[in-house]
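What follows is a single structure, written as structure tokens, with notes after it.
Values reported hereafter were calculated over all heavy atoms of this structure, with side chains retained and with hydrogens, waters and symmetry mates removed. Labels below follow one simple rule: chain letters A, B, ... track the order of the sequence lines, proteins then strands, and each chain is numbered from 1.
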2 protein chains.
Amino acid sequence: MPVESLARAPGAPDAVLRRLSGYAPLAPDEAALLRQVTARPVLVPARTELMRDGEAAPRPQVLLEGWACRQRLLADGRRQIIVVLLPGDLVGLDQRRRPLPFGSVTTLTPAQICEAGALRECAAASGTAQGGETGGRETGLAAALRQAREMEELWLVNQVVRLGRQTAYERVAHFLLELRERLAAVDRVQENRFTFPITQEILADALGLSVVHMNRTMQQLRRDGLVEQRATAITLRDVPALVAIADYAGAHDLP
Amino acid sequence: MPVESLARAPGAPDAVLRRLSGYAPLAPDEAALLRQVTARPVLVPARTELMRDGEAAPRPQVLLEGWACRQRLLADGRRQIIVVLLPGDLVGLDQRRRPLPFGSVTTLTPAQICEAGALRECAAASGTAQGGETGGRETGLAAALRQAREMEELWLVNQVVRLGRQTAYERVAHFLLELRERLAAVDRVQENRFTFPITQEILADALGLSVVHMNRTMQQLRRDGLVEQRATAITLRDVPALVAIADYAGAHDLP
DNA sequence: CGACTAATTGAAAGATATCAATTTAGGTGG
DNA sequence: CCACCTAAATTGATATCTTTCAATTAGTCG
């Protein structure tokens with residue numbers, strides 16, 4: 001993974017601010033808090049474990065650049081990636097009441113990470129819809145963090161449906177559309193093209209397939225003119241067709 | 001489904017109180033609130049939709065008796081059950097910031113349902129770990145509701161791993177162990193035996209299998225002496241063996 | 001140029017789905 | 001209690017989808 005891919009335009013809002021402000025309007029001091037949190041990113045290599053499985057009190061962190069995943073390993077070595085984490089995503093933000101096997105979190109590429117302890121109390125309060133104990137209105141940041149949590153649940157639901165009831169071909173189409181939508185929310189997509197920094201082995205572990213079949217499925221999508229891959233970037237050539245194939249229901253187009 | 005299976009010992013704590021008090025100690029007034037919420041259950045038939053997919057403001061409800069599920073339908077009729085809901089489970093408790101396709105909630109058997117609007121504000125506040133805006137300690141009920149939410153996330157993670165990386169045989173074993181653990185939390189298990197009121201078709205839709213293969217897999221488990229089915233009850237004959245087969249990591253280690 | 005890792009291929013085995021009956025169980029009306 | 005009805009469970013045969021195994025080819029980096 002070329003490290004340069006972690007560069008970003010100076011002055012541009014980082015992925016975390018970009019994403020959360022897309023969920024709810026943030027007050028100036030809230031935006032400032034986020035900028036402060038993301039001011040000093042730490043660069044970690046691929047395969048860094050950010051959170052151990054079953055950890056009771058994980059460190060709250062945000063992913064500024066690079067991809068990661070939550071995964072679970074079976075005793076015999078099989079691996080299932082539960083959800084892929086992208087720039088702007090939050091890790092270990094919710095306090096666990098007890099250690100449970102939610103999976104470990106590991107970087108898939110080199111990544112920029114920030115400690116985000118400052119967000120935890122706000123995330124904790126973000127359940128307080130409109131009038132909890134204080135009767136106060138929910139702050140913008142709390143609302144955004146709550147929305148972020150809801151999106152995480154949606155990704156899990158999507159993952160269940162993909163794995164349970166879709167063919168390999170459909171799964172990949174669906175997954176790519178989800179990635180596109182999520183990356184678009186942090187300005188990582190131009191004309192349906194985005195960097196795609198993971199190997200087919202990782203993709204296979206995410207979509208519950210063997211590497212070989214993953215490879216063949218990807219080739220089929222390319223042959224069908226639906227996607228195009230060059231080096232570490234991917235282009236979705238025909239989004240409507242992909243949507244039809246995957247029966248994809250995005251966050252935006254709902255009844 | 002015989003309606004009598006919905007009966008329960010008079011005076012015994014209902015499933016909701018039983019479960020939540022197992023997650024965190026409840027104050028007397030909290031327990032009273034729960035008893036009040038569950039005082040007037042409504043009996044609904046199987047296949048009742050409790051919550052529509054993408055519904056923005058679902059009614060908060062609790063499931064007192066009977067089984068239900070959250071599910072998503074694909075355009076061509078395929079169905080994936082995302083999570084099975086058991087007595088004591090909560091539905092539509094968290095306020096959604098916007099309508100998203102989290103799936104619809106439908107009863108799988110006749111069920112007793114209670115409106116639970118009274119719990120929503122408390123659930124909303126249950127993010128407030130130890131010291132949100134008020135700096136106050138989290139109440140027992142809020143802690144319990146938060147734990148309930150964490151368990152829901154765990155079930156989703158388990159479902160992803162089952163569907164993504166386990167064989168049919170392993171999936172069923174894993175699922176049965178999870179059911180046993182969850183039902184035990186509401187006193188529905190005696191000596192590894194519990195009522196099992198769903199058809200193989202439903203099971204198949206939950207585990208991402210065809211009905212025929214579901215049937216054969218179940219037969220294999222029976223032939224192997226791992227489970228025993230009589231009428232509408234199932235017995236896990238060899239839990240340690242099932243745990244080994246399924247690579248099951250439970251929340252606790254049950255008796 | 002090696003030494004890797006990732007992508008790709010071909011062939012064969014294994015798992016699961018589909019199709020089409022058939023049998024079983026439970027509930028109902030006579 | 002029996003005949004009958006329908007949903008559920010079961011079976012056998014066959015078609016598909018996926019995995020596994022074993023190489024082979026590309027691509028990257030020191």
CZ of Arg230(B) versus C1' of dG26(C): gap in Å, rounded? 17 Å
In numerical order, the residues of residues 164-172 of chain B whose heavy atoms come under 4.0 Å of DNA chain C are Thr167(B), Ala168(B)
Nearest-nucleotide pick for Gln200(B), side chain only, options being dT10(D), dA8(D), dA7(C): dT10(D)
CG of Leu207(A) versus C1' of dT19(D): gap in Å, rounded? 16 Å
What is the separation between atom CG on Leu203(A) and atom P on dT18(D), rounded to the nearest whole Å? 15 Å
Separation of dT24(C) C1' from Asn215(B) CG (nearest whole Å): 12 Å
Polar atom pairs (N or O), protein with nucleotides 20-27 of chain D, under 3.5 Å:
none

Check against salt bridge (charged side-chain N to carboxylate O under 4.0 Å, His left out), Arg78(A) and Glu170(B): CA-CA 13 Å; Arg78(A) 278 175 289 180; Glu170(B) 294 166 339; 2.9 Å; yes
Please report, rounded to the nearest Å, how far the C1' atom of dT19(D) is from the CZ atom of Arg78(A). 12 Å
Using distance only, find each side-chain donor-acceptor pair of residues 206-217 of chain A under 3.5 Å and give its atom names and separation, not counting sequence neighbours.
residue	atom	partner	partner atom	Å
Ser210(A)	OG	His213(A)	N	3.2
Asn215(A)	OD1	Gln219(A)	NE2	2.3
Asn215(A)	ND2	Gln200(A)	OE1	2.9
Thr217(A)	OG1	His213(A)	O	2.7

Going by the rule salt bridge (Lys or Arg N to Asp or Glu O under 4.0 Å), which residues pair with Glu55(B) if we only count those two or more places apart in sequence or in a different chain? none
Backbone of Val160(A) reached by a side-chain donor or acceptor of Arg162(A) within 3.5 Å: no
Sorted by chain and residue number, the side chain to side chain donor-acceptor pair (under 3.5 Å) partners of Arg19(A) (sequence neighbours excluded) come out as Tyr23(A), Asp89(A)
CG of Leu209(B) versus P of dT18(D): gap in Å, rounded? 13 Å
Quick one: Leu163(A) CG to dA15(C) C1', roughly how many Å, whole number? 17 Å
As a test of understanding, state which of Asp14(B), Val16(B), Thr38(B) forms a side-chain contact (heavy atoms from CB on, under 4.5 Å) with Cys114(B). Thr38(B)
Answer yes or no: is there an ion pair linking Arg165(B) with Asp205(A), defined by an N-O contact shorter than 4.0 Å? yes
Looking at Arg188(A) and Glu65(A), is there a salt bridge between them, counting it only when a charged N and a carboxylate O are closer than 4.0 Å? yes
Just grab all the salt bridge (Lys or Arg N to Asp or Glu O under 4.0 Å) pairs involving residues 219-229 of chain A, residues at least two apart or on different chains. Glu228(A)-Arg237(A)
May I ask you to verify if any side-chain N or O of Gln219(A) is less than 4.0 angstrom from the OP1 or OP2 atom of dA7(C)? no
Taken to the nearest whole Å, CD/Gln220(A) to C1'/dC17(D) is 13 Å
Report which part of the nucleic acid Arg223(B) touches: base, sugar-phosphate, or nothing (heavy-atom distance under 4.0 Å, all strands). nothing
Within less than 4.0 Å of OP1 or OP2 of dA7(C), is there a side-chain N or O belonging to Arg222(A)? no
